[in-house]
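For the numbers below, each heavy atom of this structure counts, side chains included, while hydrogens, waters and symmetry mates do not.
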Amino acid sequence: MIEFTELYLRLDATTRTSEKVAALERYFKRAEPADAVWAIHFLMGRRLKRLVPIRELAGWASALAKIEPWLFEECYERVGDLAETVSLLVPPGRGGQPPALQALVEDNLQRLPSLDDREKRKSIESLWSRMEPAMIFVLGKMITGGFRVGVSKNLVIRALASQTGLDRATVAHRLMGAWEPTADFYHRLVSPEDPGDQVSRPYPFLLANPLQQPVENLGRFEDWQVEWKWDGIRAQLIKREDQIFIWSRGEEMITDQFPEVSSAAAALPGDLVLDGELVAWDASEHRPLPFSQMQRRLGRKRLSRKLLDEVPVVMLVFDQLESSAADLRSRPLEERQELLKKYMKVAGNRSIFLPPPVEASDWNSAAVCRQQNRLLRTEGLMLKRKASEYRVGRPSGDWWKWKVDPLTVDAVMIYAQRGHGRRASLYSDYTFAVWNREELVPIAKAYSGLTDAQLGEVDAFIRRNIIDRFGPVRSVTPSLVFELAFEKIHKSARHKSGIALRFPRIRRWRQDKNPDQADHLQTLLEMADDE
């Protein structure tokens, strides 16, 4: 735990990528495998489920600090982060050495759910008594599920590749799919020999960058493949040894959530891995249903026959990554496409098929097609270099997403609460509303899009204009107007406003507008895709 805390502090103290990678390399060079694999677990965004209710944790810390609960709350209000508040108040290091990271997790934290309240408190207090403030802080992040540090998955992969001498693609592939944080897995992860792939293991997804230059700058149109950018769930379909697996881009196995696709995959000949998009599909119109319909399928443990009939899902396949155990990723896209078309011509079915093509012959006609996206319920176009390999992550130059301009609305900020991480002391998470006759009705929450200077100004305004408090939420005088950008809008009975916005974010602060100049709900209702 000492070494892991030191790593956390080094990562948190710099914004330079080279320094972060160097800190990670030093840690992996010295750490025991059983500790290193848990470090990877946390650094890559995996979490332990919240192990102790926040209120209980705050109560135990208050008792040890010998302060009243109201004073702890005042401190928490000022600091803005529970783990940091606990680390500042709990008396540190009163006896014994802190456990190693593996022992901390496996012998202490993972046992908490099986303990009664008294035993939980005793266990946590014992850990606190052996830790310095920085360790108490990191422990608090683990316990509350709020462990965040400025390291991406790609930086962890880069450091492991540098430390082991493996190439990044190999490390990334071995970290895909389901794995348990054990010393044995760590040895297989860093082994120079191929440990053998799991039957279910997907490949790292190749991601596109947003196109932020004139499309003509990409060169000859003939060198590019133009596809629709579908609004669904990016997924890999794996068929190996007569077993079917469907993985989302977030590395969740979602096979059981899409039974029509998995059963159709069982009929596909041979072993293969396909890359594509899961979309709710209107077969009569040969286009997707609104994404709001797909959302009805997500997160359910059981799918009724009625729901399966109302929201059928298909997989639109746009790439083939493996065929009969042969990895095709190093072959040019153009060659992979020819193989895929031949395969799908024989094997395609009602639930797994090639997507409708984009009928474009040059950049001008592609631009015209792009503007027709709302007819097909797509997000724009994908531009893929025909000579490109299927690489790892988001490399620049080969795959671009040429999305249409977002929809916008002018809305009034009515609620605010503190952010997380470096924004924990600022009111940076906002709720926005539009007018419904004489009433402001909330339509969306957003927190990204402002500069640090603007955040400071808005935070100061909020502190001066708090009307009421609801737990961590503050009701604010409705004075500030912001332009929100969003991808789509649909009608929703779950929201008071009757609508839901897709990916809302702050586009700009409209300091030139008064609240009465904000948009009206009727305008948004007329924009909604509710077919």
*Can you sort out the partners of W402 under ring pair (Phe, Tyr, Trp, His ring centres under 6.0 Å), two or more places apart, ordered by chain and number?*
none
*Using ring pair (Phe, Tyr, Trp, His ring centres under 6.0 Å) as the criterion, list what pairs up with Y186, not counting sequence neighbours.*
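If we apply the ring pair (Phe, Tyr, Trp, His ring centres under 6.0 Å) test to Y186, skipping adjacent residues, there are no hits.
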If I compare all heavy atoms of [X] with all of [Y], which pair ends up nearest, and what's the gap?
{"X": "D167", "Y": "A161", "answer": "C-CB, 4.2 Å"}
{"X": "P181", "Y": "E106", "answer": "O-OE2, 4.0 Å"}
{"X": "A159", "Y": "E25", "answer": "O-CG, 3.8 Å"}
{"X": "R394", "Y": "R249", "answer": "NH2-NH2, 4.3 Å"}

*asked:* For a 4.5 angstrom cut-off between non-hydrogen side-chain atoms, does Q295 reach H490?
replied: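 Yes. Closest side-chain heavy atoms under 4.5 Å.
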*Within-4.5 Å side-chain heavy-atom neighbours: K488 and R377*: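 Side-chain contact under 4.5 Å: yes.
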*asked:* If you take the centroid of each ring, where Trp contributes its six-membered ring, are F137 and Y8 closer together than 6.0 Å?
replied: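 Yes - the distance between ring centres of Y8 and F137 falls below the 6.0 Å cut-off.
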_Run the side-chain hydrogen bond (donor to acceptor under 3.5 Å, both in side chains) test against R507 and tell me which residues pass, sequence neighbours left out._
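Listed in chain order: nothing, the list is empty.
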_With sequence neighbours excluded, residues passing side-chain hydrogen bond (donor to acceptor under 3.5 Å, both in side chains) with T182_ =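 For T182 there are no side-chain hydrogen bond (donor to acceptor under 3.5 Å, both in side chains) partners, ignoring immediate neighbours.
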*asked:* Taking side-chain hydrogen bond (donor to acceptor under 3.5 Å, both in side chains) as the cut-off, I'd like each qualifying pair that reaches into residues 9-18, sequence neighbours left out, listed once.
replied: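 Passing the test, one end in residues 9-18: T14-E19.
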_Pairs meeting criterion ring-ring contact (aromatic ring centres under 6.0 Å, His included) with involvement of residues 265-320, two or more places apart_ =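 Counting only pairs at least two positions apart or across chains, the ring-ring contact (aromatic ring centres under 6.0 Å, His included) contacts touching residues 265-320 are W281-H286, W281-F353.
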_Worked check of salt bridge (charged side-chain N to carboxylate O under 4.0 Å, His left out) between E260 and R297_ = CA-CA 12 Å; E260 61 269 73; R297 293 276 300 263; 2.9 Å; yes
*Just do the side chain to side chain contact (heavy atoms under 4.5 Å, CB included) check on V313 and I233 with the steps written out, would you?*
CA-CA 10 Å; V313 170; I233 298 173; over 6 Å; no
*asked:* Test your reading of the model: is there a side-chain donor-acceptor pair from K384 to the backbone of E227, 3.5 Å cut-off?
replied: no
*Any chance you could measure W400, atom CH2, to L218, atom CG, to the nearest 0.5 Å?*
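It is 7.0 Å, given to the nearest 0.5 Å.
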*E483 side, atom CD; T408 side, atom OG1 - distance, nearest 0.5 Å*: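 Answer rounded to 0.5 Å: 4.5 Å.
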*Criterion side-chain contact (heavy atoms from CB on, under 4.5 Å) against S262, the qualifying member of I254, I244, D256, I352*: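 One option only clears the test, and that one is I244.
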*Using the ring of W179 (Phe, Tyr or Trp, six-membered ring only), decide whether R174 places NZ or CZ under 6.0 Å from its centre and within 45 degrees of its axis.*
no
*Does any donor atom in the side chain of D282 or S284 lie under 3.5 Å from an acceptor atom in the other side chain?*
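Their side chains do contain a donor-acceptor pair, which is all the 3.5 Å distance test asks for.
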_Is a donor from one side chain sitting under 3.5 angstrom from an acceptor on the other, for R240 and Q243?_
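Note: R240 and Q243 side chains miss the donor-acceptor criterion.
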